[in-house]
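Data block below; observations after.
Numbered from 1 within each chain, the chains take letters A, B, ... in sequence-line order.
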2 protein chains.
Amino acid sequence: MRPASRPASSRGDLVPSAVLGLLGTRGPTSRADIARALRVSPATITQVTKDLIARGLVAERERGKSHGGRPGRLLALVDAAGGAIGVKVTADHLAIVDARLDGTVTSSAVRPFDPDAPDALDRLADALAEAVAQHDGHLLGVGVGIPGSVDAQASGVVTAPTLGWAEARVGDVLRAALGLPVLVENDVNTLAVAEALYGAGREHSTYVVVTIGRGIGCGIVVDGSVFRGAAGGAGEIGHIPVDPDDGPLCGCGARGCLEAWVGEAALVRQGRELGLLAEAQGVHELRAAADAGDTAARDLFERAGRLLGRTLAGVVHTVDPEIVVLLGEGIDAWPHWRRGFEESFRAHLMPSRRSVPVVTEPWADDRWALGAAALVLASPLDAEGVSGEQGELVRARLHVADGGAP
Amino acid sequence: MRPASRPASSRGDLVPSAVLGLLGTRGPTSRADIARALRVSPATITQVTKDLIARGLVAERERGKSHGGRPGRLLALVDAAGGAIGVKVTADHLAIVDARLDGTVTSSAVRPFDPDAPDALDRLADALAEAVAQHDGHLLGVGVGIPGSVDAQASGVVTAPTLGWAEARVGDVLRAALGLPVLVENDVNTLAVAEALYGAGREHSTYVVVTIGRGIGCGIVVDGSVFRGAAGGAGEIGHIPVDPDDGPLCGCGARGCLEAWVGEAALVRQGRELGLLAEAQGVHELRAAADAGDTAARDLFERAGRLLGRTLAGVVHTVDPEIVVLLGEGIDAWPHWRRGFEESFRAHLMPSRRSVPVVTEPWADDRWALGAAALVLASPLDAEGVSGEQGELVRARLHVADGGAP
DNA sequence: AGTGCTTTATTTAGTGCCGAACAAAGCCTC
DNA sequence: GAGGCTTTGTTCGGCACTAAATAAAGCACT
């Protein structure tokens with residue numbers, strides 16, 4: 001039988017979680033504003049908040065401003081009602097953060113990591129267990145960002161060539177070891193989720209988040225939630241073919257992928273071929289050369305920008321986003337990419353699309369891990385059930401919060 | 001204020017419409033099967049069908065087969081409980097069909113049409129009024145397929161360069177003239193909707209529908225409903241840049257668009273440049289030459305296939321569909337495209353994506369217009385509210401069906 | 001001050017849908 | 001054919017949410 005055309009729509013009991021999530025991300029808000037933001041009736045908000053106040057999760061604060069009528073009573077979380085651990089897994093290290101509902105990071109750590117080790121998953125669990133033990137307060141769950149494909153956030157079966165993992169049951173192992181809800185997602189998608197909570201998502205509902213760094217990635221956000229494709233593999237724009245004559249071999253096995261031209265390894269290789277870099281030098285030195293005015297280095301970045309611009313024009317035609325957000329550990333070289341990018345990108349867009357905004361965001365080292373934590377912190381807002389059963393568990397934990405009132 | 005992160009989710013009252021839509025497209029079905037297909041509880045189906053039977057819209061039929069237990073009573077629409085008019089607008093003609101809920105076409109017509117005429121919209125309304133007058137039975141609404149961008153199905157503001165229309169208020173004009181619900185959509189998206197109802201949608205929920213013909217288009221279906229992008233412009237893959245050195249000028253104003261290489265006009269132009277076609281000859285003769293074994297013509301199609309294959313590989317990486325469906329008035333030449341396509345497409349896919357199925361569907365002249373009609377016929381199944389207020393009106397008309405019982 | 005207007009919050013009656021228990025109707029095995 | 005198993009369909013109590021009416025609280029005019 002055909003899969004039902006309508007996705008269960010998981011009715012019921014979303015509003016209390018949504019209210020908590022909203023208060024966590026937006027701060028004090030009046031009942032009327034909550035009702036409008038969540039598109040539910042004011043009556044519902046009255047009922048729900050009455051219950052939340054009785055349970056000690058939410059409290060009334062001062063009066064808000066009048067907008068021409070009776071001013072609202074602001075409601076706020078009693079306390080940072082929950083936190084989450086986020087981890088980004090890479091080929092050589094783990095980045096781990098402890099974050100609160102409002103997106104502030106309370107602690108941050110980096111650990112060496114060998115994904116090829118036979119007990120790699122256990123080591124990952126150990127590192128997370130340590131972070132969990134150090135956490136102070138009520139912990140909602142653990143988010144994991146993976147450079148690869150994840151079948152579903154809730155199950156967490158991972159296939160990641162760069163880590164040498166195939167069908168690794170990351171979710172199951174970590175859940176068993178930690179006894180907490182665990183959400184696993186492609187690393188770029190975690191950034192897209194974080195962006196939806198704390199970044200572009202505040203202003204827009206449909207956009208793409210493009211990462212520039214070791215690889216080229218893309219998270220697609222549609223109506224406020226991350227679009228994953230049929231098997232969690234949407235947004236792999238690093239492997240869009242960009243060269244008619246095949247081009248360099250990519251790590252994925254195909255030829256002429258975008259990433260094989262403008263990924264970090266490709267840029268370094270080109271820099272060495274041009275004699276710009278010595279053996280031990282990397283992309284950092286390449287950028288320094290361009291900063292210093294080296295025309296060969298500048299041309300190199302400019303070519304990369306042109307290629308990226310042309311490719312993103314295709315992505316924009318396919319997805320039709322409101323805006324494009326650029327991010328990633330390579331973003332500090334963007335001024336050099338930009339010259340090639342802007343011209344090529346705009347020239348290849350159809351007129352109705354030509355003014356789509358492209359914005360860059362500053363980058364911080366813990367950004368990947370914060371994205372993973374955001375996965376957990378966003379699940380109360382996840383109406384479509386992308387986070388599945390594990391999201392339910394996070395919501396359940398949010399409800400039994402021990403309060404922690406002073 | 002930021003647009004709410006959750007799309008209203010339009011609670012309530014969806015099930016009766018969904019039941020009618022399901023019975024219309026699937027034929028007689030037992031209550032238990034309906035409940036499973038719609039993912040609602042059997043209790044709800046009992047209640048809803050009781051009401052529908054009382055109102056004369058649905059009737060019990062013979063017993064079904066036993067699946068090891070009590071056999072179900074099949075339920076069916078009392079009658080083809082409604083029909084819809086669909087029209088496809090092109091630069092030189094209108095194709096109009098009258099279709100029933102199950103997708104059968106009861107009448108079909110083609111009228112000359114000049115979209116540049118100052119009263120073009122009134123002429124369109126006249127042609128549709130005639131079709132409406134000729135319709136026998138209960139009419140649910142009118143669907144319009146447009147080769148261009150449509151802001152939203154329910155409002156129907158059209159920007160279509162090929163028709164010379166900018167911000168044309170197609171929906172408003174037709175609604176005023178016809179007094180019926182009118183849904184307007186990009187023509188490729190109407191095919192995607194039809195596919196969701198009667199084609200690939202029966203087996204899959206996330207896929208892309210690619211049209212080959214005058215232009216190259218793409219409808220993206222996600223979880224059973226059409227993905228439109230931020231402004232209804234998603235899927236414009238005909239304007240993905242495919243040539244690093246700019247390439248031929250496209251109708252959209254940019255250079256090197258896919259469509260400028262493999263659209264019908266481009267193929268004909270290339271055929272003429274190669275001396276394969278005389279002045280008055282077109283793509284039909286080009287295909288005939290390839291059929292007859294002309295190697296130059298064959299190479300021409302093969303090159304087009306390679307280019308399409310490479311581009312679609314990029315689309316597959318971006319969207320991650322379960323399958324790719326090929327369609328369109330140019331599909332009869334597919335065997336010639338295919339040689340170039342298959343090799344190029346597969347070679348540029350990453351391993352995990354390499355086995356994505358590509359299927360072609362037979363083409364008929366009224367297919368575009370049937371797609372437009374499907375827009376209306378699908379709106380009872382439209383849980384996400386893509387069809388908006390006009391979809392509500394279609395549902396309302398479905399409910400007050402005059403029955404027409406024998 | 002008084003009257004109206006606007007916005008916020010609560011109360012009340014009602015609806016759509018669900019879960020669980022139960023009844024009905026066919027196959028199976030002994 | 002008697003009971004058991006399986007699947008279908010119904011009943012009933014309950015819950016989440018809503019619309020509409022009402023109260024409450026501020027501003028803006030006279």
Side-chain angles (χ1 to χ4, degrees), chain A residues 1 4 6-20 28-54 58-76 380 383 385 392 395-396 399, chain B residues 1 4 6-20 28-55 58-76 380 383 385 392 395 399:
Chain A
M1 175 157 309
R6 199 147 53 96
S9 86
S10 146
R11 243 173 293 276
D13 227 7
L14 289 170
V15 176
S17 307
V19 169
L20 291 171
T29 312
S30 74
R31 291 175 178 82
D33 280 343
I34 296 175
R36 275 189 293 268
L38 300 178
R39 304 258 177 100
V40 296
S41 76
T44 305
I45 300 301
T46 294
Q47 287 179 357
V48 165
T49 54
K50 192 187 294 179
D51 183 55
L52 292 174
I53 290 171
V58 166
E60 264 192 356
R61 290 281 176 81
E62 70 282 2
R63 263 190 213 81
K65 277 193 177 164
S66 167
H67 297 281
R70 167 178 171 178
R73 261 80 170 181
L74 298 184
L75 298 177
E392 294 291 338
R395 285 194 275 274
H399 288 245
Chain B
M1 173 157 311
R6 199 147 50 97
S9 84
S10 141
R11 247 173 289 276
D13 228 9
L14 289 169
V15 176
S17 305
V19 169
L20 290 170
T29 312
S30 74
R31 290 175 179 81
D33 280 342
I34 295 174
R36 275 189 294 268
L38 299 179
R39 304 259 179 98
V40 296
S41 76
T44 304
I45 299 301
T46 294
Q47 287 180 356
V48 166
T49 55
K50 192 188 292 178
D51 182 55
L52 292 175
I53 290 171
R55 285 183 8 221
V58 166
E60 265 192 354
R61 290 282 175 79
E62 70 280 5
R63 262 189 213 83
K65 277 192 177 167
S66 167
H67 297 280
R70 169 178 169 177
R73 261 81 168 180
L74 298 184
L75 298 177
E392 293 291 339
R395 285 195 275 274
H399 287 248

message = Name the residue from A/Ile45, A/Asp51, A/Thr44 that meets the side chain to side chain contact (heavy atoms under 4.5 Å, CB included) definition with A/Val48.
response = A/Thr44
ask   = Is the closest side-chain heavy-atom distance between A/Leu20 and A/Leu52 below 4.5 Å?
value = yes
remark   = note: A/Arg63, atom CZ; D/dC27, atom C1'; distance rounded to Å ~ 14 Å
key: Euclidean distance, A/Ser41 OG relative to A/Gln47 CD, rounded to 0.5 Å   = 7.5 Å
inquiry  = How many whole angstroms separate atom CG of A/Leu38 from atom P of D/dT18?
reply    = 10 Å
note = Rounded to whole Å, CG of A/Leu52 lies from C1' of C/dA9 at a distance of 16 Å
inquiry  = Any side-chain N or O of B/Ser41 below 4.0 angstrom from OP1/OP2 of C/dC17?
reply    = no
Rounded distance in Å - CD (A/Glu62) to C1' (C/dT8) = 16 Å
Sub-4.5 Å side-chain heavy-atom contact between A/Val58 and A/Thr49 = no
inquiry  = The criterion is salt bridge (charged side-chain N to carboxylate O under 4.0 Å, His left out); which residues satisfy it with A/Arg31, sequence neighbours excluded?
reply    = A/Glu60
task = List for me each residue that meets salt bridge (charged side-chain N to carboxylate O under 4.0 Å, His left out) alongside A/Arg73, sequence neighbours excluded, and say none if there are none.
result = none
query = How would nucleotides 4-11 of chain D be written as a contact map, 5' to 3', with B for base contact, S for sugar-phosphate-only contact and - for no contact, using protein heavy atoms under 4.0 Å?
reply = --BBBSBB
